[in-house]
Structure formats: structure tokens, C-alpha cells
Amino acid sequence: MLQYEEARASVLAAVPAPLRERIALGDADGRIVAEQIQSPIDLPPFDNSAMDGYAVRASDVVSGTRENPARLRLLGRVAAGETFSGQVTPGSCVRLFTGSPLPSGADAVVMQEDTRVDSATPMEILILDSVKPWENVRFRGEDIKRGTSIVEKGEVLTVGQLALLAATGCGEIPVFRRPVVGILATGSELTELGESLAAGQIYESNRITMAALVRKSGAISRTYPLVKDVLEKTRLALIEAFKECDLVVTSGGVSVGEMDFVKQALTELGGELQFWKVAIKPGRPFVFGRFPASDWERPSVNSKLFFGLPGNPVSAFVTFVLLVRPALLRWQGASDVALPTHLAILAESLENDGERRHFMRVRVAPDGKAYSAGFQASHILGSLAISNGLVDVPPQTTLAAGTNIQVLRWD
Ligand code: AMP
Ligand code: MG
């Protein structure tokens with residue numbers, strides 16, 4: 001059976017090269033940048049005032065105090081957005097606001113709170129405190145210098161980066177395309193939400209989970225109707241999904257039972273399996289393949305990736321975050337496809353007495369301690385619902401309370 005790392009490496013190796021598109025910056029939150037972006041301008045673009053106050057020459061106001069103010073002649077006023085054509089000469093000042101360009105000749109800004117104007121002499125400004133040279137001045141380029149790289153190829157755009165890109169005037173940005181991911185659930189026992197449950201039936205929950213995880217991975221989900229455990233229906237459903245999507249993810253029907261038709265349907269319609277079964281718990285029966293069959297060494301967007309996840313809801317969830325998520329991110333050109341991790345201290349022991357690595361559900365509390373989310377069987381959604389991470393527990397291993405662990409996060 002394949003080890004997790006081998007399975008993940010062969011999935012990533014099969015992902016085709018990412019495709020580029022240009023989009024408006026306003027639509028780019030969470031998208032993956034297709035090339036390094038450098039700032040075309042200095043930021044701020046000009047020296048400007050950090051305060052409402054007066055542009056001065058610091059040497060003119062060294063003696064200014066509340067009791068004995070320095071007196072400066074008011075030359076004019078520069079609102080934010082305006083410029084001043086004159087010069088601040090010795091003994092003079094200019095009224096400024098936050099963001100007003102610093103007039104030439106001035107080398108500091110005295111904040112308004114440290115000034116006074118007597119109504120009888122409105123053109124004389126009393127300066128009640130000294131300022132150091134360049135105090136309250138924001139310098140051209142002190143944030144970002146022209147030509148500096150502000151985002152790197154392969155990075156997921158954050159809101160902070162969007163703010164910076166906007167400030168440098170970037171209205172459109174090259175990003176990698178997002179794949180459309182077809183989502184199917186197989187199983188004759190499955191009932192659509194909103195319908196009443198007949199005897200022996202259960203509500204279908206995996207498509208909701210998978211679609212949400214697809215979106216969290218930056219991709220576009222397309223959900224298909226339920227598929228009964230009938231070979232022909234499975235085949236037709238896969239054909240439909242491959243026609244409309246870049247990748248297809250199914251749940252159920254990949255075990256060894258005679259009602260498990262997914263593998264057969266894929267190969268019969270001209271696809272191929274690359275591997276089946278990974279040495280992890282939950283999620284051993286996991287199919288990776290593609291349609292149509294082609295050269296595994298030369299990934300092409302025309303050969304679409306296929307992921308057949310196990311039907312047990314926790315197995316589907318865990319195999320998605322461990323094996324499908326990295327592929328969706330790589331498809332979009334992401335440089336980092338690993339799940340975020342987070343250091344925590346185990347609050348209680350986690351025991352894996354099996355032969356496979358067990359990705360156990362835990363809840364990391366605000367105190368930084370990781371608690372078991374409870375019963376770990378692959379059909380237990382209650383423990384999935386309260387968990388916020390997974391801990392990779394090696395086979396035949398007990399991690400004792402107090403152990404420092406890496407928690408894999410998906411939220
Ligand atoms: P399978 O992998 O098809 O053998 O299914 C394994 C278990 O998961 C069975 O108990 C199924 O009823 C259950 N199951 C399969 N698919 C789903 C689904 N989409 N939603 C909820 N439970 C499912
Ligand atoms: Mg089934």
C-alpha cells in the first residue's frame with residue numbers, strides 16, 4: 001500500500017501547468033498570483049504631513065514654548081490633494097492637513113494642538129512647542145520603494161496585499177485560473193436534503209463537505225445529482241462531470257464490495273487508475289486516476305484528474321484535505337500546498353494501536369492545548385464537527401499528554 005507522502009507526490013506530479021488570466025484587483029482576494037508584482041511607484045509618492053498642523057523650518061521653532069511661543073508668518077494653506085507652489089522661507093509656515101504634500105523649504109510639521117492663532121492676527125501662527133527636523137513628516141518611498149517586489153508568483157493574495165497593490169495603482173492582476181471541480185456522491189442509500197428518509201436511507205452529506213472544501217481551496221465547485229450504485233449510472237454521471245469540469249471528485253463506491261462501481265466505471269469510459277489505497281486512517285480506499293488516459297509523465301489540462309474518495313464522511317473529509325486540497329492548490333499554481341500547521345501541547349494522550357498512520361481529530365482550545373475530539377471512527381461526524389485540526393499519529397504509537405505536536409489545520 002502507498003505511503004501518504006508517495007500518494008501525495010504522485011498526485012502533485014500529475015497536475016498540469018497552471019493557466020493564467022488577468023482579473024480586476026477587486027476580485028482577487030484569495031487568488032494565486034501568476035507573476036511577481038513590483039511597485040511601479042514610490043509609496044507614499046511624495047513627502048507629506050502625518051498630522052493636521054503647520055509646515056515649518058524646525059530651526060525657526062526651537063525656542064517655542066507655551067509661555068513664550070515662536071511666531072511664524074502664515075504663507076498659505078495646502079489641503080490634502082493640493083500642492084503649494086511657494087517656498088517656506090525663514091520665519092514662515094504653511095497650513096497643512098494629514099496627507100498634504102510637504103511644501104518645499106519646510107522640514108517638519110508642528111501639530112495643530114501645539115499651535116495657537118489669535119483672532120486679531122490671523123496671519124501670525126504661535127508655535128507652542130519645538131519640533132525635531134522631519135518630525136511628523138511621512139517620506140516619499142518610506143513604505144515601498146518603486147521597483148520593490150510586493151507579491152511573489154504563487155502566493156495566495158491576502159487582504160493586506162490587496163490594500164498594498166491598490167495603493168500602488170494596480171487595477172488588474174495576473175492570477176492563475178481556478179479549476180471547476182465536479183462533485184458527485186454515489187450510494188443507493190443516499191437521500192437528498194429536504195426529502196424524508198425512507199427505511200434504510202440516510203441523508204447525503206459528503207457533497208456539502210466537499211463543495212465547501214473545494215471553495216476553501218480557492219476552486220469552483222459544481223455539484224451533481226446523487227448517483228445510485230449501478231455501473232451504468234455511475235459511468236454516465238462521470239462522463240457528464242468530466243465534460244463540464246477540470247477535475248472530478250466522487251465519494252463512495254471505491255471499496256471492495258460488489259456494489260462499488262466507481263473504479264470500473266472510470267476505466268470503462270476510457271479513464272485510468274493510478275493508485276488505489278493509501279496507508280492512512282481514515283481513508284484507506286482512495287482512488288486517484290484521470291480521464292482520458294494519457295502519459296503520466298506529461299500532465300495536460302486535457303487529461304482531467306479524478307479523485308474517488310471513500311464514502312464514510314470523515315474518510316472523505318480527511319482524504320480531501322490530505323490529497324485533493326494540495327492538487328487543487330497546485331492546479332492554481334500555488335507555491336505552498338501544505339496544510340497550515342500549528343504547534344500545540346496535547347492535553348490528553350492519543351493512541352494509535354493500528355498498522356496505519358491515523359490522522360486523529362483534535363480540538364485546539366484557546367489555551368493552546370489540543371484535546372481529542374472524541375470517538376475517532378470514520379462515520380463519527382460529531383467529533384469532526386467539534387474538531388479544528390488533525391494530528392498525524394504514527395502506527396503503534398501513543399502520544400502522551402504534554403507532548404508537543406503539530407496540528408494540521410484546515411480552517
Ligand atoms: P462506501 O464507501 O460507499 O462503501 O460507503 C461507506 C459508508 O459511508 C456507508 O455507510 C455509506 O452509507 C456512507 N456514505 C457513503 N456516501 C455517503 C454520503 N455521500 N453521505 C453520507 N454517508 C455516506
Ligand atoms: Mg456506497
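Start at 1 and go down the list; that is how both ligands and their atoms are numbered. Because the structure is a prediction, the values reported are computed rather than measured. Starting from 1, each residue takes its place in the sequence as its number.
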Do Q161 and E155 meet the criterion of a side-chain donor-acceptor pair at a distance under 3.5 Å?
yes
Min heavy-atom dist S205 to ligand 1 below 4.0 Å
yes
If the cut-off is 4.0 Å to any non-hydrogen atom of E204, which atoms of ligand 1 fall inside it?
18 (C), 19 (N), 20 (N)
G252 N/O to ligand 1 N/O under 3.5 Å
no
Can you measure from CD (E258) to CG (D260) and round to the nearest 0.5 angstrom?
8.5 Å
Residue, atom name and distance, where the atom is the protein heavy atom closest to atom 18 (C) of ligand 1:
N206 ND2, 3.2 Å
If you measure every N/O of G311 against every N/O of ligand 1, is any gap under 3.5 Å?
yes
A185: numbered ligand 1 atoms lying under 4.0 Å from its heavy atoms:
19 (N)
Taking the six-membered ring for Trp and the full ring for Phe, Tyr or His, determine whether the centres of F275 and W296 are under 6.0 Å apart.
no
Say whether, by atom type as modelled, one donor and one acceptor occur between the side chain of R178 and the main chain of A219 under 3.5 angstrom.
no
shortest atom 12 (O) of ligand 1-to-protein heavy-atom contact is with E189 OE2, 2.5 Å
Which residue holds the protein heavy atom closest to atom 1 (P) of ligand 1, what is that atom called, and what is the gap in Å?
G253 N, 3.8 Å
Would you check if the side chain of S349 reaches a backbone N or O of L399 as a donor-acceptor pair within less than 3.5 Å?
no
So which protein heavy atom does atom 7 (C) of ligand 1 come closest to, and at what separation?
N312 OD1, 3.4 Å
Write out the residue and atom name of the closest protein heavy atom to atom 4 (O) of ligand 1, then the distance separating them to 0.1 Å.
S255 OG, 4.1 Å
Starting from atom 22 (N) of ligand 1, what is the nearest protein heavy atom, named by residue and atom, and what distance separates them?
I202 CD1, 3.5 Å
Once you round to the nearest 0.5 Å, how far does CZ of R8 lie from CD of E5?
8.0 Å
Between CD of Q274 and CZ of F306, what distance do you get to the nearest 0.5 Å?
13.5 Å
Grab the two heavy atoms, one from L322 and one from Y4, that are nearest each other, plus how far apart they are.
O-OH, 2.7 Å
